[in-house]
> 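Sharing a structure here in structure tokens format.
As the structure is a prediction and not an experimental result, all values here were calculated from the model. We use all heavy atoms of the structure for the numbers below, so side chains are in, but hydrogens, waters and symmetry mates are not.
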4 protein chains.
Amino acid sequence: MNTFGQLFRISIFGESHGAAVGVMIDGCPPGIKVDPEEIESDLDRRRSGAKGTTPRKEYDRPEIISGVLDGYTTGAPVVVLTTNTFSRSGDYDKLKNHPRPGHADMIVEMKYGGYGDRRGGGHFSGRLTWGIVVAGTLAKRIIAPAIPEAVLLSAGGNTDIDAAVSMALEEGDSVGGVIECRVREMPASLGEPFFWSAESAISQIIFSIPAIKGIEFGSGFRSASMRGSEHNDMITGPGGETSTNNAGGINGGITNGNEIVFRVAVKPTSSISRPQQSLNMESGRVETLIVEGRHDACIALRMPVIVESAVAIALADLMLLNRGIHSNLRKNG
Amino acid sequence: MNTFGQLFRISIFGESHGAAVGVMIDGCPPGIKVDPEEIESDLDRRRSGAKGTTPRKEYDRPEIISGVLDGYTTGAPVVVLTTNTFSRSGDYDKLKNHPRPGHADMIVEMKYGGYGDRRGGGHFSGRLTWGIVVAGTLAKRIIAPAIPEAVLLSAGGNTDIDAAVSMALEEGDSVGGVIECRVREMPASLGEPFFWSAESAISQIIFSIPAIKGIEFGSGFRSASMRGSEHNDMITGPGGETSTNNAGGINGGITNGNEIVFRVAVKPTSSISRPQQSLNMESGRVETLIVEGRHDACIALRMPVIVESAVAIALADLMLLNRGIHSNLRKNG
Amino acid sequence: MNTFGQLFRISIFGESHGAAVGVMIDGCPPGIKVDPEEIESDLDRRRSGAKGTTPRKEYDRPEIISGVLDGYTTGAPVVVLTTNTFSRSGDYDKLKNHPRPGHADMIVEMKYGGYGDRRGGGHFSGRLTWGIVVAGTLAKRIIAPAIPEAVLLSAGGNTDIDAAVSMALEEGDSVGGVIECRVREMPASLGEPFFWSAESAISQIIFSIPAIKGIEFGSGFRSASMRGSEHNDMITGPGGETSTNNAGGINGGITNGNEIVFRVAVKPTSSISRPQQSLNMESGRVETLIVEGRHDACIALRMPVIVESAVAIALADLMLLNRGIHSNLRKNG
Amino acid sequence: MNTFGQLFRISIFGESHGAAVGVMIDGCPPGIKVDPEEIESDLDRRRSGAKGTTPRKEYDRPEIISGVLDGYTTGAPVVVLTTNTFSRSGDYDKLKNHPRPGHADMIVEMKYGGYGDRRGGGHFSGRLTWGIVVAGTLAKRIIAPAIPEAVLLSAGGNTDIDAAVSMALEEGDSVGGVIECRVREMPASLGEPFFWSAESAISQIIFSIPAIKGIEFGSGFRSASMRGSEHNDMITGPGGETSTNNAGGINGGITNGNEIVFRVAVKPTSSISRPQQSLNMESGRVETLIVEGRHDACIALRMPVIVESAVAIALADLMLLNRGIHSNLRKNG
């Protein structure tokens with residue numbers, strides 16, 4: 001069930017230590033410009049390098065396999081992938097029977113009856129978000145001039161992100177963070193009733209990003225403490241403009257033309273250098289586990305571009321849907 | 001796009017002041033017991049009556065239209081509906097050009113090109129959640145012995161819910177609330193990678209409930225302030241048991257056998273008795289609006305059963321999917 | 001899985017002897033006129049009455065439950081149903097353990113583990129096509145000015161349909177027939193590559209009509225005996241006009257602007273008055289079975305309107321999809 | 001919308017002269033053996049070589065990109081592709097404004113607003129069926145011991161297929177053919193009511209194969225000329241065994257345990273060496289067109305394995321669905 005969307009449908013595939021990871025986009029309109037520099041630029045933002053992100057260089061150069069000709073989408077399915085050039089599965093062999101806390105190791109073993117690929121997280125690796133970023137570059141062109149922008153507000157509860165990450169790094173530990181995303185110049189009317197509301201679609205794809213454990217729109221959890229007289233956004237303009245934006249740009253599940261605003265909670269990176277306790281499935285005992293290698297001290301640092309891409313994909317789908325179902329009114333009246 | 005689920009698929013239909021509201025369940029296994037008392041009991045919990053909920057008596061007796069014979073589902077689509085016996089659309093006529101703040105009125109007018117049914121919120125009314133509760137009674141039987149339980153933790157930021165609601169009521173105002181839901185005796189292995197992860201599926205249906213503006217799993221937004229060494233749940237047992245449950249029972253998007261825990265933020269009821277400012281679309285001016293009638297001072301009071309039903313529906317879908325795709329391993333090896 | 005379509009999605013529900021049969025249409029654009037006389041007129045064509053069709057009067061007056069206001073669709077799900085006013089399940093009790101040849105009786109018993117509703121064919125009854133006809137009236141408005149027209153070409157292999165039916169009727173037997181459907185003024189460009197080609201979509205819905213056992217487009221099975229030089233339609237005009245129409249208006253799975261032409265094979269009605277042999281599941285022996293009541297001698301007589309409705313539904317879906325995915329080219333180039 | 005299936009979902013991608021063609025399989029159970037020799041063997045049957053098939057050697061060696069580890073599926077999406085090693089698009093440049101009769105050239109130009117890839121048929125090329133054959137090898141393992149077998153019954157109306165093809169070849173022409181497919185050892189109970197009936201699912205995927213213009217199940221079009229007393233299959237055994245098989249193994253859209261039998265009509269190859277007339281879109285005149293290169297005189301020769309693969313894919317999907325929805329009856333009664 002690894003597909004998102006009703007019309008603009010994306011599927012991601014691959015494994016951390018397999019041959020490749022990639023993305024397939026079905027239902028992509030023809031005539032969308034595909035700019036390799038644009039893709040590279042977004043991938044750069046996702047890539048490791050900054051302090052607190054793993055220094056391991058990932059060779060994630062995109063190869064366009066299908067659906068693009070002379071720099072434009074053709075209307076056929078778009079497939080883009082990147083070949084994995086490393087595959088040190090040796091590092092992971094010792095973890096085979098000793099599941100890492102916070103990771104999907106143990107449950108993958110159970111769910112797939114022993115057939116799951118567990119090398120480096122396998123299909124459940126954060127590496128798979130590569131495909132979300134690539135698909136996001138096309139989605140952003142579809143929803144233009146709307147443009148999503150995400151920023152990391154805090155790490156480990158500290159708005160001095162640099163300090164929080166440095167400290168965690170020194171201690172071989174990790175920290176989480178809160179990311180805020182805003183979509184400006186949003187067209188109104190996107191979102192279908194109930195199950196494919198703007199919030200439903202956005203949250204479905206956002207929670208597919210590993211490590212995200214919460215999402216709130218507009219005033220979100222703070223709404224719960226507010227009065228209606230305080231929370232209701234006063235309508236002031238014929239385009240749906242409001243004096244405040246507690247709704248986060250969405251009413252009744254439909255974008256109302258105001259800025260979309262939402263925040264997501266990112267848990268601390270599960271892989272840490274400190275010793276941890278976990279069941280050794282072979283011995284049947286809880287034993288000390290050391291996860292070797294270098295790790296992202298704060299995975300949230302790499303995630304703003306992923307969040308932007310994900311929301312662009314959800315909005316592109318809602319936009320095509322709205323165009324398919326709701327355009328040309330009165331035509332057959 | 002008013003359908004939720006991949007296998008256990010539910011669709012809700014109807015309008016607040018139309019002929020009926022109802023639900024269709026496609027992909028419902030045969031042999032599930034349908035107990036009218038059970039349905040009534042859940043509908044009772046959703047129904048108005050408690051302080052702070054609207055005293056208007058809704059006649060929402062369920063009529064089973066199809067898919068059930070001699071008290072058991074037959075495997076054919078199940079349709080259940082309730083006839084609307086009142087229809088005082090007169091109350092709403094004066095609101096036609098004066099959209100209520102916090103409601104979908106204005107955006108429905110725009111999106112549907114003037115054809116949308118706006119009487120009492122039309123299809124966007126909270127009344128449509130009736131169908132989610134009815135479908136939930138079947139879903140709960142499918143996921144048994146797992147059992148979801150939701151409670152209202154606070155209203156208007158106050159754990160003395162009664163006091164908070166009373167105060168809002170006196171002032172013609174409303175308050176929001178936070179609901180926590182736990183699913184005990186959860187089987188492990190439910191959830192598909194990425195786009196149909198347990199969090200993705202649950203959040204998609206949860207955000208289809210009007211007024212919900214946030215969701216967090218396990219430690220949720222608090223995770224963002226934690227260290228990895230603190231957040232990682234130590235694995236202690238062969239069934240995936242952990243010493244803590246910061247993950248909220250879900251790792252890598254798959255249920256890990258621990259209790260599922262999530263919280264949702266409910267905004268204050270948008271309909272309040274206090275005068276509000278809103279654009280009059282006819283005059284083109286911002287004018288004072290009085291929303292007549294009696295309103296729920298705290299819609300969150302009625303929502304625990306809706307949240308339980310929604311999560312049961314999502315889990316039933318994940319359970320059937322898991323059975324369809326992942327059972328009988330090695331059979332063809 | 002009782003849903004057809006990607007955007008214009010219809011689901012049918014109900015049982016022959018249950019409370020009602022009906023249809024839900026999700027993804028129906030707002031502003032489509034709903035004309036009760038038009039619906040009645042199509043239902044009349046489906047209804048019994050002509051020679052060779054069962055004289056049993058079906059009260060199939062449509063009740064519009066949701067999604068329509070003041071004669072136009074609102075954009076919310078449309079539900080229309082008709083209440084069953086008869087329910088002589090007694091007639092069918094004796095068939096419980098003696099499955100009728102040609103019917104789904106035995107396999108329904110097996111598939112649904114004894115829970116299936118078998119009264120009068122239950123959910124598998126041809127009565128369910130009522131919903132296809134009702135949905136078809138909306139679909140026809142969406143695809144206008146394209147207009148499907150189906151005619152019965154022959155019955156029992158005889159183009160003198162009247163004679164063939166009369167003869168079967170006299171002998172307590174039944175006959176099949178061949179229906180040809182043409183869609184004139186077809187817009188070009190409908191159909192997606194491969195799995196949702198025009199032929200794929202049309203055949204999927206056509207084979208959901210009980211008793212249909214074959215479909216062919218354009219020259220169909222005769223194509224297999226032709227040479228390429230004979231079969232290829234010479235392109236003569238800038239709109240895709242061709243000198244012949246062996247392709248039946250579809251090339252590469254996409255409508256090419258010419259008339260769509262297809263034929264379907266309808267098997268003879270399975271219910272006949274003549275004695276038949278069938279396994280008695282109770283006795284374990286093959287025994288003589290008499291199916292009582294009066295039966296359609298030629299179910300194909302009632303099917304042209306159902307075929308027209310089905311193809312209109314498939315084309316409406318393809319039209320909305322094409323509009324959603326392929327309109328506004330170069331917009332973001 | 002290039003996806004087939006509800007649970008076992010396949011998508012095909014690529015272009016005739018693009019970088020690659022391939023297939024993605026989502027919802028593939030873990031633990032299915034992937035045998036490269038088995039895949040090669042099926043691809044061999046599809047490959048050119050026999051008289052009347054194009055002598056051009058296609059390098060279509062499969063590369064497994066994801067979802068398989070140590071020879072077994074892992075439960076993650078399976079992607080297999082083959083790199084195109086030739087790309088003589090020069091041959092096709094002259095056809096840019098002169099659409100080939102019988103091909104999708106002209107309609108692709110119209111539908112995709114000039115952005116479609118038309119080199120060698122682009123995404124609409126028969127080359128895309130490569131992915132159906134690869135996915136079919138997995139599907140066959142899922143439905144085992146059921147085994148589909150397709151044979152070419154006749155070509156150009158002649159059961160002496162060799163003679164018919166030779167004659168067409170000599171004349172620079174092509175012929176169509178009729179293929180019959182039987183699935184033995186079919187389990188009963190596969191197929192959902194109406195829109196996902198066994199015939200609906202099979203016909204949807206079968207019509208995605210280029211050049212197929214008709215399908216009939218069991219007695220098919222011959223049924224239309226039969227009497228009910230002749231057509232009804234007498235039930236003789238407790239497993240649903242029947243004395244005849246006019247139904248082709250499917251009743252009420254559900255497999256009844258008998259052999260599935262269907263026939264498909266394949267039109268003659270559209271590419272022929274003889275001069276043809278077609279509109280030159282540049283000159284606006286109908287002009288003589290010579291399609292250069294060597295062509296399959298009878299594409300039907302290569303299609304039995306594609307038909308077998310397609311039906312296996314449809315049945316695998318129905319089998320997983322049946323397992324997901326209908327197993328474990330009474331469990332929650």
> Side chain, backbone, both or neither: which part of A/Ala300 has a heavy atom under 4.5 Å from chain B?
neither
> Looking at A/Met281, A/Glu216, A/Glu192, A/Gln204, which has the largest count of heavy-atom pairs under 4.5 Å with chain B?
A/Gln204
> If you tally heavy-atom pairs under 4.5 Å against chain A, which of B/Pro193, B/Pro210, B/Ala104, B/Ser278 wins?
B/Pro193
> Would you check, one step at a time, whether the test side chain to side chain contact (heavy atoms under 4.5 Å, CB included) holds for B/Ser200 with A/Ile205?
CA-CA 7 Å; B/Ser200 288; A/Ile205 193 167; over 6 Å; no
> Which of the residues B/Val264, B/Ile254, B/Ile215 is involved in the greatest number of heavy-atom pairs with chain A at under 4.5 angstrom?
B/Ile215
> Taking every non-hydrogen pair under 4.5 Å, which of A/Ala224, A/Gly253, A/Ala265 racks up the most with chain B?
A/Ala224
> What part of A/Thr255 is in contact with chain B, defined as an atom under 4.5 angstrom from a non-hydrogen atom: side chain, backbone, both or neither?
backbone
> In terms of heavy-atom proximity below 4.5 Å to chain B, should A/His231 be classed as side chain, backbone, both, or neither?
side chain
> Under 4.5 Å from any heavy atom of chain B, what part of A/Ser197 do you find: side chain, backbone, both or neither?
side chain
> Under 3.5 Å, side-chain donor or acceptor atoms of residues 233-242 of chain A against the rest of the protein: list the pairs with distances, not counting sequence neighbours.
from: A/Asp233; atom 1: OD1; to: A/Thr244; atom 2: OG1; distance (Å): 2.6
from: A/Asp233; atom 1: OD1; to: A/Asn245; atom 2: N; distance (Å): 3.4
from: A/Asp233; atom 1: OD1; to: A/Asn246; atom 2: N; distance (Å): 2.8
from: A/Asp233; atom 1: OD1; to: A/Asn246; atom 2: ND2; distance (Å): 3.4
from: A/Asp233; atom 1: OD2; to: A/Asn246; atom 2: N; distance (Å): 3.2
from: A/Asp233; atom 1: OD2; to: A/Ala247; atom 2: N; distance (Å): 2.9
from: A/Thr236; atom 1: OG1; to: A/Glu241; atom 2: O; distance (Å): 3.2
from: A/Glu241; atom 1: OE1; to: A/Gly239; atom 2: N; distance (Å): 2.8
from: A/Thr242; atom 1: OG1; to: A/Thr244; atom 2: O; distance (Å): 2.6
from: A/Thr242; atom 1: OG1; to: A/Asn258; atom 2: ND2; distance (Å): 3.1

> Pick one of side chain, backbone, both or neither for B/Ser125, based on which atoms fall under 4.5 Å of a heavy atom in chain A.
backbone
> Could you please state which residues from residues 172-179 of chain A sit under 4.5 angstrom from chain B, measuring non-hydrogen atom to non-hydrogen atom, sorted by number, or 'none'?
A/Asp173, A/Ser174, A/Val175, A/Gly176, A/Gly177, A/Val178
> By a 4.5 Å heavy-atom criterion (distance strictly below it), what part of A/Gln6 contacts chain B: side chain, backbone, both, or neither?
side chain
> If you count heavy-atom pairs under 4.5 Å between each of B/Ile209, B/Ile10, B/Ile202 and chain A, which one has the most?
B/Ile10
> To the nearest 0.5 angstrom, please state how far the CD1 atom of B/Ile206 sits from the OG atom of A/Ser203.
9.5 Å
> Counting heavy-atom pairs under 4.5 Å with chain B, which one of A/Pro101, A/Ala211, A/Pro99 comes out on top?
A/Pro101
> At what distance, to the nearest 0.5 angstrom, does CD1 of B/Ile313 lie from CZ of A/Phe195?
6.5 Å
> Is it the backbone or the side chain of A/Glu199 that comes under 4.5 Å from a heavy atom of chain B, or both, or neither?
both
> Less than 4.5 Å to any heavy atom of chain B: does that hold for the side chain of A/Thr3, its backbone, both, or neither?
backbone
> Tell me, out of A/Ser225, A/Ala201, A/Gly157, A/Ser11, who's got the most heavy-atom pairs with chain B below 4.5 Å.
A/Ser225
> May I ask you to name which of B/Arg274, B/Glu230, B/Glu171 has the most heavy-atom pairs under 4.5 Å with chain A?
B/Glu171
> Find the one option among B/Ser271, B/Gly102, B/Gly5, B/Ala188 whose heavy-atom pairs under 4.5 Å with chain A are most numerous.
B/Gly102
> Checking A/Lys111 side chain against B/Gly191 main chain: does a donor-acceptor pair fall under 3.5 Å?
yes
> Measuring only between side-chain heavy atoms, which start at C-beta, is A/Ile272 closer than 4.5 Å to B/Arg227?
no
> So which of A/Gly218, A/Gly228, A/Ser243 has the biggest tally of heavy-atom pairs under 4.5 Å with chain B?
A/Gly228
> Nearest 0.5 Å please: distance from the OG atom of A/Ser223 over to the NZ atom of B/Lys213.
7.0 Å
> Looking only at heavy atoms and a cut-off of under 4.5 Å, which of B/Thr269, B/Asn256, B/Ile212, B/Leu128 has the most pairs with chain A?
B/Leu128
> For B/Ala164, which atoms come within 4.5 Å of any heavy atom of chain A: side chain, backbone, both, or neither?
neither
> Checking B/Arg9 now: which residues fulfil salt bridge (charged side-chain N to carboxylate O under 4.0 Å, His left out) with it, not counting sequence neighbours?
none
> Identify which of A/Gly284, A/Ser208, A/Ser219 forms the greatest number of heavy-atom pairs closer than 4.5 Å to chain B.
A/Ser208
> So, using ring-ring contact (aromatic ring centres under 6.0 Å, His included) as the criterion, who are the partners of B/Phe124 when residues are at least two apart?
none
> Would you give the length of the straight line joining atom OH of A/Tyr112 to atom CD1 of B/Ile325, rounded to the nearest 0.5 angstrom?
8.5 Å
